[in-house]
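Because the structure is predicted, anything quoted here is derived from the model rather than measured. So that the names make sense, note that chain A is the first sequence line, chain B the second, and so on, each numbered from 1.
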Number of protein chains: 2
Amino acid sequence: MDRLPTIEDVARAAQVSRQTVSNVLNTPAIVKPETRKRVEVAIRKLAYRPHASARRLRMRKSSTIAIRLDPMTNGISGALLDRFLHALTEQADARGIRILLFTAADPAAEIEQIRKLRAGADVDAFVLTATFHGDPRTEWLVEHDVPFVTFGRPWGVNDMNNPKHLWVDVDGFAGMREATLHLIDAGSSRIGFVGWPSLSGTGDDRRRGWQAAVEERLFPGDGDLAALNLSVEDLLEDARDAVVALLESDERIDGLVCASDTLALGAMIAAASVGRSDLPIIGFDNSPVGQAIGLSSVDQALDEVARGALELLLGETGGDLVRRDAAAAGDTRHRLITPHLVIRQPLRLLAPDAVSIPTATKNAVGNHRNGKESQ
Amino acid sequence: MDRLPTIEDVARAAQVSRQTVSNVLNTPAIVKPETRKRVEVAIRKLAYRPHASARRLRMRKSSTIAIRLDPMTNGISGALLDRFLHALTEQADARGIRILLFTAADPAAEIEQIRKLRAGADVDAFVLTATFHGDPRTEWLVEHDVPFVTFGRPWGVNDMNNPKHLWVDVDGFAGMREATLHLIDAGSSRIGFVGWPSLSGTGDDRRRGWQAAVEERLFPGDGDLAALNLSVEDLLEDARDAVVALLESDERIDGLVCASDTLALGAMIAAASVGRSDLPIIGFDNSPVGQAIGLSSVDQALDEVARGALELLLGETGGDLVRRDAAAAGDTRHRLITPHLVIRQPLRLLAPDAVSIPTATKNAVGNHRNGKESQ
DNA sequence: CTGTTAGCGCATTCAG
DNA sequence: CTGAATGCGCTAACAG
């Protein structure tokens, strides 16, 4: 295979002009069926595919979307981007769009990368993850009229229904509320929340979900929620220590919902270490680690997030990547995905009342290999 | 910004012919310094960048490497590909190479994707991960003369020093041996190995590392290694159960090395549950989860793997992506990266002799936030 | 050192 | 419906 076949080679093989081949490829409807067949056979025979760069040059669009690969998201929930990427790539492929990666150490570097990628006509649009309050990236992109969508809503910046840019996000409120209601339905009556310090829009959203469920079903008036409301950094150890303190100070607690699987794992360890391995705990992210350890968790439905992102960018129809004018867009310019709860049989970290697991019970403990997943 | 500036715009702005601009970009040496300066100013002023597609078309190469995003690698060590991707993207960027993603459900689908990507001149070369014995992909790629490098050596297929294709791999033998020696130096004298069932080249390689260290330093003659040699699937629960059994049947065991962090985590849980939270355990992969929990582990040095892959593909010099002829290549056609051990203070899953952690010791337990990392 | 000429492979005008 | 032109933006040959 010395040289890739060109459209001309196909034309010669099919005994037509090269324009006819182009038509078969791009406007098959206007070609006489029998000629089309002949051309298609030639295409298959030569294993011809249009030269991507040539086509992109001609079409004046790259049909490529770029996304930044974070240096390292937090430990346990880190694989989140990984899974989102997979979903995005898969859906993009179906639309004839390619996903290009880039890296950057900080927002300024990311803007610079975006600038380069744009100036080189390498990329048509961008997907931004891990947006935050007052994010300089979104400002710059809007300013420079670069098509993009964020995974994460623009917290507090502007009207959610008519924001300055496209966004997709997961409804943390709904997810955490569902998790909490699940525990309540299962009999819990005093449920704590382990979340991040305020000012994290995402974290506050999830906290409100817990709060809503608890106020709705457990403390119709207004309980002492503050005592059940933990705020720690997203670290296993911090969560563990805080939960140990909580459980020691309030023995009536019979359930815990957490803003992340990292926190939930810390909580599990804490519960086990104070002899409460039976304590129901629900995390958020449905991380692989959580799966491995049988942690119930709220799944972010990354497939839907990816689909939403592409729909907003490309329109629901095809892969046209023509950004619709903000003003002209009749339908919504965002998607709020409802996550769903995944319930698992927890892998007990430790038998509740023995230092050593008696041989007799070993099998019972080890029997949760295939934790059923609901919904 | 209606239309991107072209080389012609720059030429006009700098009062030179457009070829001169091209020269400044590609062969700066042959342009008179003062003219060059003038052109460079114009380039900066217009924020000009060569149109990637046009350049690729002209150069007859895409300067793009594609890599498949796995559906989902195993739970805990899953982020491995994630980190490798990051390293690869970063290094590629430095060489002016872009990384494109694609997905495929199985090897056949992957081959089909590769075929398409190649036929469309979208991609110059590929990086293959998770290769296995008798992998159809490598055969096909060699057959069709597609430039590629694998992350993973061709186990048993052909001469490692003159293989049919380029490869990079991590020296599991050396890594596991170092881990084992570390435990021995720290005083362990009876060290078990938790690995995968045989037939996994990678797993066997790691097992041999443990074996070598143990035979070398602990059982010069030949001990009853079989009793210390566990084989389980890469699942937390399986590892836990097997290690519980091992520790109960042999109380002299004072160290454990594991073929993955998943296994190591299972081992940690097992150790804690039989009152041996003090048991030194070392994993493999240096996964984020392991970090979070203070697990010592063998780090795969993915930066070096990525660099090696690109060097093999592009040559050490630049980003030329001209595959050197197999026969003509004087230097090696592979890289074997030596991993390094990362030692951490383990986060105790549980106080060794108390059901509840006394308040007084809580700080001590929680104080390992920034585990020092050696080497 | 600088300017001119000729494609890379494709899609999109226009004529027939 | 099909065939013959034009140029997307660039670089590599040349000639000056």
Side-chain angles (χ1 to χ4, degrees), chain A residues 2-40 42-43 46-63 96 118-124 320, chain B residues 2-40 42-43 46-64 96 118-124 319-322:
Chain A
D2 196 22
R3 193 182 110 267
L4 257 29
T6 78
I7 197 170
E8 194 112 21
D9 297 323
V10 176
R12 214 175 359 251
Q15 310 270 32
V16 294
S17 84
R18 76 184 196 195
Q19 174 48 22
T20 305
V21 179
S22 179
N23 284 336
V24 170
L25 254 32
N26 304 302
T27 335
I30 70 167
V31 179
K32 197 196 324 181
E34 58 187 66
T35 337
R36 183 172 49 192
K37 273 276 174 266
R38 211 167 67 233
V39 173
E40 279 163 352
I43 288 176
L46 297 178
Y48 166 80
R49 292 211 103 206
H51 192 288
S53 294
R55 170 174 255 169
R56 293 205 273 257
L57 176 58
R58 189 61 179 82
M59 304 293 279
R60 322 189 102 250
K61 77 177 173 204
S62 66
S63 297
R118 277 286 289 181
D122 244 317
V123 164
D124 291 332
D320 235 1
Chain B
D2 195 24
R3 193 181 112 266
L4 256 31
T6 79
I7 197 171
E8 194 111 22
D9 298 323
V10 177
R12 213 175 359 251
Q15 310 269 32
V16 294
S17 85
R18 76 185 196 194
Q19 176 50 20
T20 304
V21 179
S22 179
N23 284 338
V24 170
L25 254 32
N26 304 301
T27 335
I30 70 167
V31 178
K32 195 197 324 180
E34 57 187 68
T35 340
R36 183 171 49 193
K37 272 279 175 265
R38 210 167 66 233
V39 172
E40 279 163 352
I43 287 176
L46 297 178
Y48 166 80
R49 292 212 102 208
H51 191 288
S53 294
R55 171 175 254 170
R56 291 205 274 258
L57 176 59
R58 191 60 179 83
M59 305 291 279
R60 323 188 100 252
K61 77 177 172 204
S62 67
S63 297
T64 301
R118 277 287 287 181
D122 244 317
V123 164
D124 292 330
D320 235 2
L321 238 177
V322 179

Taken to the nearest 0.5 Å, the spacing of B:S53 OG from A:R60 CZ works out to 11.0 Å
Quick note, A:K32 side chain, CB onward, closest among D:dC10, D:dC1, C:dC10 is D:dC1
Judged by nearest nucleotide, the residue sitting upstream toward the 5' end of DNA chain C, A:P50 or B:A29, is B:A29
The residue, A:A54 or A:I30, whose nearest nucleotide of DNA chain D is more 5′ is A:I30
Whole-Å distance, B:R12 CZ to C:dG3 P, equals 14 Å
Sugar-phosphate only, base, or nothing, as touched by A:S22 at under 4.0 Å among non-hydrogen atoms: base
Separation of C:dT12 atom C1' from A:M59 atom CE, nearest Å, is 10 Å
Under 4.0 Å between a side-chain N/O of A:R55 and OP1 or OP2 of D:dC8, yes or no?
-> no
Between A:K37 and A:E34, is there a side-chain N and carboxylate O pair less than 4.0 Å apart? no
Whole-Å distance, A:Q19 CD to D:dT6 P, equals 15 Å
Closest non-hydrogen atoms of A:L46 and A:P5, given as atom of the first, atom of the second and distance, are O-CG, 3.5 Å
A:L25 CG to C:dT12 P, in whole Å, measures 11 Å
Closest to the side chain of A:L57, out of D:dG3, D:dG9, D:dA12, is D:dG9
* To do: Could you check whether A:I7 gets within reach of a base, just the sugar-phosphate, or nothing at all, counting any heavy atom under 4.0 Å?
  => sugar-phosphate
To the nearest angstrom, the CD-C1' distance between B:E34 and C:dT2 comes to 13 Å
Quick note, B:P33 side chain, CB onward, closest among D:dC10, C:dG9, C:dC1 is C:dC1
Rounded to whole Å, CZ of A:R60 lies from C1' of C:dG9 at a distance of 16 Å
Any B:R56 side-chain N or O less than 4.0 Å from OP1/OP2 of D:dT11:
no
Could you check whether B:R18 gets within reach of a base, just the sugar-phosphate, or nothing at all, counting any heavy atom under 4.0 Å? base
Practice task
Mind checking B:T35 for me? I need base, sugar-phosphate or nothing, with any heavy atom below 4.0 Å counting as a touch.
Solution key: sugar-phosphate
Between A:L57 and B:A54 the two heavy atoms that sit nearest each other are CD1-CB, 3.8 Å
Atom CD of A:E8 and atom P of D:dG3 are separated, to the nearest Å, by 12 Å
Are B:T20 and C:dG3 close enough that a side-chain N or O sits under 4.0 Å from OP1 or OP2?
-> yes
The reported gap from CZ in A:R49 to CG in B:D122 (rounded to nearest 0.5 angstrom) is 8.0 Å
Verify the contact: side-chain N or O of A:T6 to OP1 or OP2 of C:dG9, cut-off strictly under 4.0 Å; return yes or no. no
Against the side chain of B:R58, the closest entry in C:dC8, D:dT2, D:dG7 is C:dC8
Is any side-chain heavy atom of B:N26 closer than 4.5 Å to one of B:M59?
no
Rounded to whole Å, the CD-C1' distance (A:Q15 to D:dG3) equals 15 Å
